[in-house]
Amino acid sequence: MYDIIIVGAGTAGLSAAIYGVRAGKKVLVFEAETYGGQIINTLEIENYPGIKKVSGYDFATNLYQQTLDLGAEIKFEKVLKILAEEEEKKVVTDGGEYLTKTVILATGAKNRPLGLEKEKELIGRGISYCATCDGAFYKGKAVAVNGGGNTALEDAIFLASYCSKVYVIHRRETFRGEEKLLQTLKKKPNVEFVLNSNITKLLGDEVLEGVVVKDIKTDEEQTISISGLFIAIGQVPNNSIFAGLIELDQSGYIIGKEDCKTNAEGIFVAGDTRTKNVRQLATAASDGAIAGLAACEYIG
Amino acid sequence: MRITELNANNYEAEVMHANQTVLVDFWAPWCGPCRMLTPIVEEISKELTDVKVCKVNVDDESELARKYKVMTIPTLILFKEGNAVASSIGLKTKNAIVDMIRNA
């Protein structure tokens, strides 16, 4: 019997584990893929209080090692379901069944796909969700960025210095991203804005060759030839297996306030997968601390 | 088995004319997911003794990356008798990579 089982070994989950083991609890963390969560894709973190600069990889690896050294257990198994009819909860994974007094869900979020045909097949063959990771492979080529938030604007600015042409495709007239970024982007001579438009089709079989874009006001379609499409249209959580267990909002985020409690007794939520306004590294760590201590308090 | 670093001069001999299956890991030191994949690829090189594991630093060997149409890293490409027979993109678990090698 564990005191706390945590689902997800990203920043929120591992932070929760640290607070749990330091309070003397028996803690097990499940991770379906690799530790670290989304931060491993970040080249350099420069906004985490107390650390001037660190790579996402180093941050994640230090956190992972710290969690293990403090005495938490981490198993690389995929959680299939959680049963909570009784006071003690049962976590079923692809590796076994585990009993626990409390559960902390820290399942994070993933890049939102466009949902178009061939999208999956073309990932890494022209479609990317990470401009800083893949931008250099598109040197001198025409590319497009899809989205209207900070990530899309930052991606477009970054790509404009490598690529011959950068189209910014956005479904609205105005941008949600910061004005300062937009002004920087507007000064780039090789950037063209394609506004009020949705991508309706991906062209190319082996590699991406272009996109069909539809103007939502005029319904007119045009084909844009590009070798790279960088998708930055936000994130989606992955909590469908918990739908019967706890309350989710319309987008699938787990409903929880700043106290990280869910509607179910003894089940807590931490990090990007919780309903919240600010999803940052610091707030993921903060949620981890709150959820970890809340679980300890619940156990008593 | 030791991991071989590939470059423009040795890849013909190491990959194209190899008499065993070759797994090539395209990576770069600044890429977080690549660094996460490194210990996994190292384990595979120790455990699957019939597979030769090679690495390509795409910053130093951009020609090789272009030749194999690598447009994201990490990318793994599996070669048999000099032909690319399978590939995988992004960070993968050890089991997924071993399955790819065994099923190719």
Side-chain angles (χ1 to χ4, degrees), chain A residues 9-10 31-45 54-62 64-65 75-78 94-95 110-111 120-141 143 162 204 206-208 226-231, chain B residues 6 8 23-44 47 55-79 83-100 103-104:
Chain A
E31 170 57 52
E33 287 161 22
T34 46
Y35 68 82
Q38 293 179 68
I39 199 64
I40 63 158
N41 294 312
T42 300
L43 224 48
E44 273 168 354
I45 303 161
V54 65
S55 74
Y57 168 81
D58 286 330
F59 181 88
T61 303
N62 285 340
Y64 175 68
Q65 205 52 55
K75 286 184 190 277
F76 290 92
E77 295 177 14
K78 188 181 167 78
D94 56 4
K110 287 196 163 166
N111 293 313
K120 254 197 186 148
E121 291 78 0
L122 290 171
I123 292 173
R125 296 182 173 85
I127 287 187
S128 170
Y129 299 89
C130 182
T132 50
C133 312
D134 301 338
F137 295 107
Y138 296 88
K139 211 175 192 169
K141 295 180 176 169
V143 300
Y162 279 102
E206 292 237 322
V207 293
L208 182 77
I226 44 168
S227 354
L229 171 63
F230 293 83
I231 300 171
Chain B
L6 291 184
L23 180 73
V24 183
D25 174 13
F26 292 84
W27 73 291
W30 46 264
C31 157
C34 300
R35 294 173 69 186
M36 305 280 295
L37 191 64
T38 297
I40 298 173
V41 168
E42 281 168 1
E43 273 180 44
I44 289 173
E47 288 170 25
K55 288 177 83 81
V56 176
N57 179 328
V58 298
D59 286 349
D60 299 339
E61 302 295 335
S62 53
E63 271 307 313
L64 278 184
R66 233 189 318 275
K67 184 177 171 65
Y68 290 105
K69 297 193 173 72
V70 173
M71 292 159 106
T72 183
I73 48 174
T75 288
L76 296 173
I77 303 181
L78 191 72
F79 291 88
N83 298 314
V85 292
S87 67
S88 106
I89 280 162
L91 184 54
K92 291 284 157 72
T93 60
K94 187 173 148 193
N95 285 342
I97 298 167
V98 171
D99 283 351
M100 175 181 88
N103 295 333

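Protein chains get the first letters and strands the later ones, always in sequence-line order, with residue 1 at the start of each. Because the structure is a prediction, the values reported are computed rather than measured. These values consider heavy atoms only, across backbone and side chains, with no hydrogens, waters or symmetry-generated copies.
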Go through A:Gly124, A:Gly135, A:Cys130 and name the one with the most non-hydrogen pairs under 4.5 angstrom from chain B.
-> A:Gly124
Portion of B:Ile73 that has a non-hydrogen atom of chain A nearer than 4.5 angstrom = both
Whatever's closer than 4.5 Å to a heavy atom in chain B on A:Ser128 counts as neither
Looking only at A:Asp58, A:Thr132, A:Ile39, most heavy-atom pairs under 4.5 Å shared with chain B are made by A:Asp58
Does any N or O in the side chain of B:Thr75 come within less than 3.5 Å of the main-chain N or O of B:Thr72, such that one atom is a donor and the other an acceptor?
-> yes
Does the B:Asn57 side chain pair with the main chain of B:Asp59, one donor and one acceptor, at a distance under 3.5 Å?
-> yes
Within a radius of less than 6.0 Å around OH of A:Tyr162, do more than 12 heavy atoms belonging to other residues, nucleotides or ligands occur?
-> no
Ionic contact status for B:Lys69 with A:Glu206, cut-off 4.0 Å = no
So which part of A:Ala136 gets closer than 4.5 Å to some heavy atom of chain B, the side chain, the backbone, both or neither?
-> neither
Can you say whether A:Thr42 sits under 4.5 Å from chain B via the side chain, the backbone, both, or neither, judging by heavy atoms?
-> neither
Largest heavy-atom contact set with chain B, pairs under 4.5 Å, which of A:Thr61, A:Asn41, A:Val207, A:Asp134 = A:Asp134
So, do B:Lys92 and B:Met100 sit near enough that their side-chain heavy atoms are less than 4.5 Å apart?
-> no
Let me know if A:Phe76 has heavy atoms under 4.5 Å from chain B in its side chain, its backbone, both or neither.
-> neither
In B:Leu76, B:Leu37, B:Ile77, the residue satisfying side-chain contact (heavy atoms from CB on, under 4.5 Å) with B:Ser88 is B:Leu76
Is B:Glu61 atom CD crowded by more than 12 heavy atoms from other residues, nucleotides or ligands, each under 6.0 Å away?
-> yes
Contacting moiety of B:Val58, where chain A heavy atoms sit under 4.5 Å = side chain
